[in-house]
Each structure stands twice: as C-alpha cells, then as structure tokens.
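Chain letters run A, B, ... following the sequence lines, proteins first, then strands; residues in each count from 1.
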Number of protein chains: 2
Amino acid sequence: MLSKKTKYGLKALAYLASQKDQQPVQISEIAKAENISQKFLESILLSLRKSGFLGSKKGKGGGYYLIKDPKEVLMTDVMRILEGPIAMVPCVSLNFYEKCADCPDEATCSVNKLMLMVRDANLEVYRNNTLADLIV
Amino acid sequence: MLSKKTKYGLKALAYLASQKDQQPVQISEIAKAENISQKFLESILLSLRKSGFLGSKKGKGGGYYLIKDPKEVLMTDVMRILEGPIAMVPCVSLNFYEKCADCPDEATCSVNKLMLMVRDANLEVYRNNTLADLIV
DNA sequence: TGTTTACTCTATTAGATTGATAGGGTAATT
DNA sequence: AATTACCCTATCAATCTAATAGAGTAAACA
C-alpha cells in the first residue's frame, strides 16, 4: 500500500512541476488544489526540501519551488525519500539492505528469489520515469 | 513492505512444494523448519486452505498438503490471498478497485499514472512465476 | 470404543505505524 | 516594524501487525 505521505508528496511535486514559471508556490495553494491536509503537507514538503528536491522562500511571496528540472528528477530517488525502500523485504534492498532475522540462507530462500524479481521490475519503472513523465 | 503473513505463507507453500511425495505435513514440522511461530502459521495455512491452495487431513498422520501441481499455482493468486491487492493504490487495482476519495479525476492524476505502470510491472512478475519456480 | 493426534476457531494483546491536528517559533520580505 | 509563511515539536485516535492462549472438533488407529 502506498502511504498517504508518498501520494501527497508525488502530487505536490507534480503540481510544482506543472507550474509555468518557477515562482514559489504557497503550501496553502498546493493543499487546496490537491485536497491535502495543509499541516500534513507541510511536513512532507519539509522533508522534500531537506533531501534536496525543493527549495523554499520565506516571507511574503514565499513558498516552495522545484530545484531541478523535472526531467532530471528520477522516481527512484523520490520514492526512496517518500516511501522508503523500494524492495519489499530488506534482504533484497539495494539502499536499505538488512539480513532477515528468521532466514538462515538467502541463496536458497524462495521469498528472496521472488522479491528480487519484484524489486528489479519496480526499479525499472522508477528508473525510467522522471517527474516530467508524470505531468499530463 | 511484505507482511510476515505473506512471507511465512510463501515459505510454507515452497516447503510443501519441495516435498517428494504428497503426504500431509504437520504444521509443527513446517514451523520448525522455517522458523515460524506455530500458532501464527496455523492461521496462515488455514486461509490458504480456505482459498483452495491447500488440503488438510486431521488425526494421526494428518497435516497440510498441496492440492495443485506447483507449476499450476500462479504467484498472482497466492499474493492476492496472502498480501491482498497487488496494486499500491486502490484506484489502479484490478481485483480490489476503489475510487480514491481525495482524487477528483483519475485520468489526470500523476499518482494514478505512475502506479499503473508499477502495477503492470508487478503483475508481469507474478504472472510469469509459479510456485514451482520458487523451488531451488 | 476410546484415546490420541493434529487441525480449527475465537479472543486477546502489546507494539508499531499512520494520518491528522494544534500551537507556537522564527526568518525573510515589504 | 509588521506581516507573511515557513519551520518545528508534541500529541492523539485509529488501525494494523504479529504473536499468544486456550478451548473445540474431526479423523485415525489400537
């Protein structure tokens, strides 16, 4: 299940990417346009800023804006920040690897085998899509 | 994240599929071999039986056994029973479709667009793999 | 027939996570 | 200096997960 956090984050990024100019957009505007709880959105945009996707400007006329060209924003990076690991089990995660406590041997683990294929399939989608591809 | 339920269910199915004959295997044996809480495994095997993957035999010499040939058991079906929807959002789910409450128009929704691709990528993996493919 | 075996079912629980809300603080612009 | 809007902390109800406990029931076998 995709978390609301990721869903809202993606919508907000798409909203910013579809702006004509790169003027800052207020949180309240995005929240209203995308039906998102404003306070919740605040925390999401904050984490996107801290991870280098967004810039912000304070004071009157302030708001958030995209730092990079939407074509340069890979979905792999966005998803890892918003949703966390792309893999469904830590033992096949590239960026968040962890050994499964209950599994004695990954090489012969049927779950590992399947989840490795799933991970690769997902990675291919996320790698081949940028923020620009999400805009209509 | 893959739930423990699904993980254990897959391991149990793979364990049963790797048996030489089709004699019933006791829950306790599977639980021990795969490091699974026996009581938790009980409920998982029960749901796999109710959904037509497993048969069970009571009394001495009883246990669970596969009903179909592992080659005939599609991962799509297994995953839907154990984990639920394959799609990450209900609005792109084939078997569990639901409209998103917050989304006015699926056709122009950036999240919908991306999650549709992800769903298809996952479906392809699950459709092209049977229980037999998980065995070493 | 009676006992054992092992599946079946219901209920309960601690813990974690999620999504949302409230309230105040702070920096930058005008 | 006032306003605007970002920034941060804390809290909370609801939900889900994983595990556990205990009792019930059907089938096999001596």
Side-chain angles (χ1 to χ4, degrees), chain A residues 1-12 16 23-51 53-67 82-85 88-90 96 100-103 111, chain B residues 1-12 16 23-51 53-67 82-85 88-90 96 100-103 111:
Chain A
M1 203 50 180
L2 194 75
S3 69
K4 289 280 176 73
K5 180 184 174 186
T6 303
K7 190 180 185 182
Y8 295 163
L10 287 173
K11 285 192 172 190
L16 290 174
Q23 293 302 305
V25 180
Q26 293 172 31
I27 294 176
S28 59
E29 180 185 332
I30 305 174
K32 198 174 177 185
E34 299 293 345
N35 284 310
I36 305 172
S37 147
Q38 177 164 340
K39 278 290 187 181
F40 192 23
L41 182 59
E42 273 188 32
S43 68
I44 297 168
L45 295 181
L46 196 57
S47 79
L48 286 171
R49 203 216 65 196
K50 286 183 177 173
S51 46
F53 293 101
L54 300 180
S56 67
K57 192 183 168 187
K58 293 186 177 182
K60 193 167 190 176
Y64 281 99
Y65 53 91
L66 279 177
I67 286 187
L82 290 173
E83 188 76 1
M88 292 182 81
V89 277
F96 301 83
C100 292
D102 58 305
C103 187
V111 176
Chain B
M1 203 50 182
L2 195 76
S3 68
K4 290 280 175 74
K5 179 184 175 186
T6 304
K7 189 180 185 181
Y8 295 164
L10 287 173
K11 284 192 173 192
L16 290 174
Q23 293 302 307
V25 180
Q26 294 172 31
I27 294 176
S28 60
E29 181 186 331
I30 305 175
K32 198 175 176 185
E34 299 293 345
N35 284 310
I36 304 173
S37 147
Q38 177 164 341
K39 278 291 188 180
F40 191 23
L41 182 58
E42 275 186 31
S43 68
I44 297 167
L45 294 182
L46 196 58
S47 80
L48 285 172
R49 202 217 66 195
K50 286 181 176 171
S51 47
F53 293 102
L54 300 180
S56 66
K57 193 183 167 188
K58 293 187 176 179
K60 194 168 189 178
Y64 281 100
Y65 52 92
L66 280 177
I67 285 188
L82 290 173
E83 188 75 2
M88 293 182 82
V89 279
F96 302 83
C100 292
D102 59 304
C103 186
V111 175

Rounded to whole angstroms, how far apart are CD on A:Glu42 and P on D:dC7?
9 Å
Separation of atom CG in A:Leu48 from atom C1' in D:dC6, rounded to whole Å
15 Å
Which part of the nucleic acid, if any, lies within contact of A:Lys7, taking any heavy atom under 4.0 Å across all strands shown: a base, the sugar-phosphate backbone alone, or nothing?
nothing
Counting any heavy atom closer than 4.0 Å, what does B:Ile27 reach on the DNA or RNA strands: base, sugar-phosphate only, or nothing?
sugar-phosphate
Does some side-chain heavy atom of A:Ser43 sit less than 4.5 Å from a side-chain heavy atom of A:Lys5?
no
Validation row: A:Leu54, A:Ile67 side chains within 4.5 angstrom (heavy atoms):
no
What pair of heavy atoms forms the shortest contact from [X] to [Y], and how long is it?
{"X": "B:Leu45", "Y": "B:Ala12", "answer": "CD2-CB, 3.9 Å"}
{"X": "A:Tyr65", "Y": "A:Pro24", "answer": "CD2-CG, 4.0 Å"}
{"X": "B:Cys103", "Y": "A:Lys11", "answer": "CB-NZ, 3.8 Å"}

Please list, for nucleotides 17-20 of chain D, all pairs of protein and nucleotide N/O atoms separated by less than 3.5 Å.
| residue | atom | partner | partner atom | Å |
| --- | --- | --- | --- | --- |
| D:dA18 | OP1 | B:Lys4 | N | 3.0 |
| D:dA18 | OP2 | B:Lys4 | N | 3.2 |
| D:dT20 | OP2 | B:Ser37 | OG | 3.4 |

Looking at CD1 of B:Ile30 and CG of B:Asn35, how far apart are the two atoms once the value is rounded to the nearest 0.5 Å?
13.5 Å
Which distance, rounded to the nearest 0.5 Å, do you find between the NZ of A:Lys50 and the CG of A:Leu48?
11.5 Å
Between A:Lys4 and B:Asp102, is the closest basic N to carboxylate O distance under 4.0 Å?
no
Applying side-chain hydrogen bond (donor to acceptor under 3.5 Å, both in side chains) to A:Thr6 and not counting sequence neighbours gives A:Ser3, A:Glu83
Who are the side-chain hydrogen bond (donor to acceptor under 3.5 Å, both in side chains) partners of A:Glu29, not counting sequence neighbours?
A:Tyr15
On DNA chain C, reading 5' to 3', which nucleotide is the first and which the last to sit with an atom under 4.0 Å from a heavy atom of chain A, could you check?
C:dG19 to C:dT29
All side chain to side chain contact (heavy atoms under 4.5 Å, CB included) counterparts of B:Phe96, not counting sequence neighbours
B:Arg80, B:Pro85, B:Ser93
Using the 3.5 Å cut-off, write out each protein N or O paired with an N or O of nucleotides 26-30 of chain D and the distance between them.
| residue | atom | partner | partner atom | Å |
| --- | --- | --- | --- | --- |
| D:dA26 | O4' | B:Lys58 | NZ | 3.1 |

D:dC7 phosphate, OP1 or OP2: any side-chain N/O from A:Tyr64 under 4.0 angstrom?
yes
